[in-house]
Amino acid sequence: MKILQSTLLLLFVPLIKPAPPTQQNSHIIFDYGTDNFEEILPTQDYKDQYLDGQNIKERESTIISDEESLHLQKDESLTSLPSKKENDEMPTCLLCVCLSGSVYCEEVDIDVVPPLPKESAYLYARFNKIKKLTAKDFAEIPNLRRLDFTGNLIEDIEDSTFSKLALLEELTLAENQLLKLPVLPPKLILFNAKYNKIKSRGIKANTFKKLSNLSFLYLDHNALESVPLNLPESLRVIHLQFNNITSVTDDTFCKANDTRYIRNLIEEIRLEGNPIILGKYPNSFICLKRLPVGSYF
């Protein structure tokens, strides 16, 4: 009998599933336009309005931390500001290309020599608008070995411009507007000033005399009336073609009083394009292994 009562009681118990507990302060928004109810990230306005106290505290601490980080970054930037020297160098290396001691400033329309890094050894400033070179341009660049100013508008060079460049070996001033030459550095191996307006009076008598390492001299396409004096024994190549040279002497390349003297190092002398008949001056070339290139008749 008790078993039957228990069975009847179970039959009359309503099969009702309890409702889920009410969620308080739910931050989840459902997109009912989709098949699956994915959680959508709340907007910033929603977060600001409904964040509980704990999240607000964490957010405030994050903001403070970020502000402190910004202050630290500012402090570090103030303490690590580049020196004046670095500031002076930076514009040049942005405008030009600085690479392993070489500075390439070609076709950038500069009209003066830019500030160079102190360790610069090679400067290529071709095809710009530079009009003048001064001693200040290279005063603190003692390691320069090569300078190339081809294709500028250089009219004047201060005499002391290259005086402190004890290591300079190559100097190219081709295709400019020069009327005269400055004092040249003592270790020069190559000097190129072709395609200028240089006259003989613009070259001092001792300009080349002490250049005991000079091997290549290019003064073609100028306005020279005579071969420069006191050319050093070290010369191998001399280009003087297309000037206004009208004569040479027995001492121009050789030694008039020494018929046994042979100039062994000279490999090439070019004199074509000058108003001179080389055949009129046979004694001027007796010390040479090769006759100069030019007109003999």
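Throughout, numbering of the chain's residues begins at 1 and tracks the sequence.
Judged purely by atom type and a 3.5 angstrom limit, Asp156 has no side-chain atom pairing as donor or acceptor with the backbone of Lys132. Looking at Asp137, its side chain never comes within 3.5 Å of a backbone N or O of Ala135 through a donor-acceptor pair. When atom types are taken as modelled, the side chain of Thr92 and the backbone of Pro115 share a donor-acceptor pair closer than 3.5 angstrom. Between the Ser295 side chain and the Phe297 main chain, a donor and an acceptor come within less than 3.5 Å of each other. Not one N or O on the side chain of Asn152 forms a donor-acceptor pair closer than 3.5 Å with the backbone of Asn176. Between the side chain of Thr249 and the backbone N or O of Asp251, at least one donor-acceptor pair lies under 3.5 Å.
For the atom pair CG of Leu288 and CD1 of Ile266, the computed distance is 5.5 Å after rounding to the nearest 0.5 Å. Considering CZ of Phe216 and CD of Glu267, their distance stands at 7.0 Å, rounded to 0.5 Å. We find the CZ-SG distance between Arg260 and Cys287 to be 15.5 Å, quoted to the nearest 0.5 Å. Glu268 contributes atom CD, which lies 9.0 Å from atom CZ of Arg290 (distance to the nearest 0.5 angstrom). To the nearest 0.5 Å, the span separating CD1 on Ile245 from CD1 on Ile276 amounts to 7.0 Å. A distance of 4.0 Å separates CD of Gln241 from CG of Asp220, quoted to the nearest 0.5 Å.
Applying the disulfide bond (SG atoms under 2.5 Å apart) definition to pairs two or more places apart or across chains, none involves residues 107-179. Identified under the salt bridge (Lys or Arg N to Asp or Glu O under 4.0 Å) test for residues 203-218, with sequence neighbours left out: Asp159-Lys204. Listed by first then second residue, pairs satisfying side-chain hydrogen bond (donor to acceptor under 3.5 Å, both in side chains) with a partner in residues 222-234 read Ser200-Glu225, Ser200-Ser226, Glu233-Tyr261, not counting sequence neighbours.
More than 12 non-hydrogen atoms from other residues, nucleotides or ligands lie less than 6.0 angstrom from CD of Gln177. Around the CG atom of Asn257, the shell of radius 6.0 Å holds no more than 12 heavy atoms that belong to other residues, nucleotides or ligands.
Under the side-chain contact (heavy atoms from CB on, under 4.5 Å) rule, Pro185 has a single partner from Leu168, Leu167, Thr161, which is Leu168. Screening Asn244, Leu240, Asn274 for a side-chain contact (heavy atoms from CB on, under 4.5 Å) involving Leu224 leaves a single residue, Leu240.
Shown here for Ile189 and Leu214, the closest heavy-atom pair between the two residues is O-CD1, 3.5 Å. Annotation for Ala139 and Lys164: closest pair O-CD, 4.4 Å, computed over non-hydrogen atoms. For Phe127 against Glu175, the heavy-atom pair with the smallest separation is CE2-OE1, 4.2 Å. For the residue pair Ala223 and Lys197, the shortest heavy atom distance occurs at CB-O, 4.3 Å. Minimum interatomic distance between Asn283 and Asp250 (heavy atoms only, all atoms of both residues): CB-OD1, 3.5 Å. Tyr124 and Glu106 get closest at one heavy-atom pair: O-CG, 3.5 Å.
In the hydrophobic cluster analysis, where Ile, Leu, Val, Met, Phe, Trp and Tyr join through side-chain heavy atoms closer than 4.5 angstrom, Val103 is grouped together with Leu95. Both Leu291 and Val248 belong to a single network of hydrophobic side chains, linked directly or stepwise wherever heavy atoms of I, L, V, M, F, W or Y lie under 4.5 Å apart. Both Leu190 and Val237 are assigned to one and the same hydrophobic cluster, defined by single-linkage of ILVMFWY side chains at heavy-atom distances under 4.5 Å. Side-chain heavy atoms closer than 4.5 Å link hydrophobic residues (I, L, V, M, F, W, Y) into clusters, and following such links, possibly through other members, connects Val108 to Leu147. No continuous path of ILVMFWY side-chain contacts below 4.5 Å connects Leu265 to Leu188, so the two sit in separate hydrophobic clusters.
For the pair Leu278/Pro292, a side-chain contact is recorded, criterion being any heavy-atom separation below 4.5 Å from C-beta on. By the 4.5 Å heavy-atom criterion applied to side chains, Thr252 and Ser284 are not counted as neighbours. Considering only heavy atoms from C-beta on, Phe162 comes within 4.5 Å of Ile157 through its side chain. With a 4.5 Å cut-off on side-chain heavy atoms, Phe191 and Leu219 count as touching. Two residues are said to be in side-chain contact when any heavy atoms from C-beta on lie closer than 4.5 Å; Leu173 and Leu133 meet this criterion. Counting heavy atoms from C-beta on, the side chains of Ile141 and Leu123 never come closer than 4.5 Å. Using a 4.5 Å heavy-atom cutoff, the side chains of Leu231 and Phe208 are in contact. The shortest side-chain heavy-atom distance between Tyr195 and His221 falls under the 4.5 Å cut-off.
Between Glu169 and Arg145 there is a salt bridge, with a side-chain nitrogen of the basic residue lying less than 4.0 Å from a carboxylate oxygen of the acidic one.
Of the N and O atoms on the side chains of Asp148 and Thr150, at least one donor lies less than 3.5 Å from an acceptor on the other residue.
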Requested in this report: Take Tyr218 and His239 through the side-chain hydrogen bond (donor to acceptor under 3.5 Å, both in side chains) test and state the conclusion after the steps.
Outcome: CA-CA 5 Å; Tyr218 303 101; His239 283 192; 5.5 Å; no

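Using bins of under 30°, 30° to 60° and over 60° for the plane-to-plane angle, the ring pair Phe285/Tyr296 lands in the perpendicular bin.
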